[in-house]
J.: 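Handing you a structure now.
All values below were derived from every heavy atom in this structure, side-chain atoms included, with hydrogens, water molecules and symmetry-related copies excluded. Starting from 1, each residue takes its place in the sequence as its number.
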Amino acid sequence: MLKAGERLLAYPWSSFGAYLAAPEHRMRWVRVDRLLGEHGIQKDTVAGRRQFEERMERRRAAETDPAILRKMQRGWCLGSERFKKDLLRRMERHLGAHHSGELHREAARVKAERIIHEELRRRGWKELDLKERRKNDPDKLEIAGRLRRETTLTITDIAARVHLGTSKGANRNLHGYLRRSHPTAGPNKRWQSIKRQPRQSTNRP
């Protein structure tokens, strides 16, 4: 609605101009301290209001950046990585077939990282322990089994993340681990917990 060379202040249907005006020139009910404070501007001064305008202009310029626009047109989330992870955690149990495959995959990765963090903390391990322990370490296989049960990660993804070697070797070691862990259970019972999850729809929302 504004030309490239125009200031945001040129748009008349907004309270933006009131925030930039001196106190004696703005409506008495307009409160600027809260908004300026959110931007780390402590004083309602000429310098503070100029800083606020410059910050809004930078944000405007960033939102017209081609890379940002591509994210808005093709991606499902616009925000920081921390914001995205928090959103994925909230959506974890509410994803359906109508959500995109990309969203399902990202949600699975976030959930997997949470599970791994829990398991490492429970064992008193560091991330390096996953890499340095042998491929068929029982604790690593237990973690892998939980990832297989509770997420939609593939064997290949799990093997890479938990450092189990190749997907073929990881699959074989998981078979052996379950046989040793549940010797009295039948093969169907042993493999019920790590059977392949159904493929999620790749249709975009």
Side-chain angles (χ1 to χ4, degrees), residues 1-96 98-122 124-131 151-153 157 160-161 200 202-205:
M1 291 181 283
L2 291 174
K3 296 179 181 178
E6 290 183 304
R7 294 166 63 187
L8 286 173
L9 188 59
Y11 183 69
W13 310 110
S14 168
S15 61
F16 186 59
Y19 286 96
L20 299 183
E24 61 270 22
H25 298 303
R26 70 169 72 108
M27 291 76 75
R28 297 177 65 180
W29 50 265
V30 175
R31 180 176 175 180
V32 304
D33 58 333
R34 180 172 296 173
L35 180 59
L36 295 181
E38 288 289 335
H39 289 269
I41 302 170
Q42 302 302 320
K43 294 184 178 180
D44 178 15
T45 62
V46 173
R49 293 190 293 273
R50 184 182 301 117
Q51 181 183 351
F52 175 63
E53 181 182 13
E54 290 172 352
R55 181 167 296 192
M56 292 298 98
E57 291 288 0
R58 286 196 300 270
R59 181 173 178 179
R60 172 196 184 186
E63 290 178 352
T64 58
D65 182 90
I68 299 294
L69 290 176
R70 280 196 296 272
K71 289 182 180 180
M72 294 176 66
Q73 293 166 350
R74 301 183 62 84
W76 66 270
C77 177
L78 183 63
S80 67
E81 193 64 27
R82 181 177 180 181
F83 170 74
K84 180 189 288 188
K85 289 181 179 179
D86 182 60
L87 192 60
L88 285 168
R89 282 193 292 269
R90 295 185 184 189
M91 297 174 65
E92 189 175 286
R93 298 183 180 180
H94 305 285
L95 294 178
H98 60 285
H99 289 106
S100 70
E102 178 189 1
L103 186 53
H104 279 280
R105 288 189 293 273
E106 290 202 46
R109 285 193 290 269
V110 169
K111 184 176 182 180
E113 290 303 318
R114 175 171 54 79
I115 290 173
I116 290 171
H117 178 74
E118 290 173 1
E119 293 294 335
L120 293 180
R121 184 175 55 186
R122 184 164 68 87
W125 286 12
K126 301 294 184 183
E127 180 71 29
L128 190 61
D129 288 302
L130 284 177
K131 186 176 183 180
T151 76
T152 56
L153 291 185
D157 292 333
R161 183 61 185 86
Q200 299 292 348
T202 56
N203 294 327
R204 301 189 62 80

J.: Excluding sequence neighbours, so at least two apart, what forms side chain to side chain contact (heavy atoms under 4.5 Å, CB included) with E127?
T.: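 For E127 the side chain to side chain contact (heavy atoms under 4.5 Å, CB included) partners, ignoring immediate neighbours, are L120, L130, R161.
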J.: I need the full list of salt bridge (Lys or Arg N to Asp or Glu O under 4.0 Å) pairs touching residues 35-45, with sequence neighbours left out, sorted by first then second residue.
T.: R26-D44, D44-R49
J.: Side-chain donor-acceptor contacts of residues 5-13 below 3.5 Å, not counting sequence neighbours, with atom names and distances?
T.:
from, atom 1, to, atom 2, distance (Å)
E6, OE1, K3, N, 2.8
R7, NE, E53, OE2, 2.9
R7, NH2, E53, OE1, 3.0
R7, NH2, E53, OE2, 2.6

J.: Hey, could you give me the CD/CD distance between E113 and E118, rounded to the nearest 0.5 Å?
T.: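 Going from the CD atom of E113 to the CD atom of E118 covers 11.5 Å.
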J.: Could you give all pairs that pass the ring-ring contact (aromatic ring centres under 6.0 Å, His included) test and reach residues 17-41, with sequence neighbours left out?
T.: H39-F52
J.: For R122, give me all partners under side-chain hydrogen bond (donor to acceptor under 3.5 Å, both in side chains), at least two apart in sequence or on another chain.
T.: E119, E142
J.: Please identify each residue that fulfils ring pair (Phe, Tyr, Trp, His ring centres under 6.0 Å) with H117, with sequence neighbours left out.
T.: none
J.: Could you work out, with side chain to side chain contact (heavy atoms under 4.5 Å, CB included) as the rule, every residue matching R109, not counting sequence neighbours?
T.: R105, E106, L153
J.: When you measure from the side chain of T45 to the backbone of G48, do you find a donor-acceptor pair of N or O atoms at a distance under 3.5 Å?
T.: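 A pair under 3.5 Å: yes.
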J.: For T152 and A108, work out which heavy atoms get closest and say how close.
T.: OG1-CB, 3.4 Å
J.: When the side chains of residues 30-37 are checked against the rest of the protein, which donor-acceptor pairs come out under 3.5 Å, sequence neighbours left out?
T.:
from, atom 1, to, atom 2, distance (Å)
R31, NE, D33, OD1, 2.8
R31, NE, D33, OD2, 3.3
R31, NH2, D33, OD2, 3.4

J.: Please name all residues satisfying side chain to side chain contact (heavy atoms under 4.5 Å, CB included) with E54, sequence neighbours left out, ordered by chain then number.
T.: R50, R58
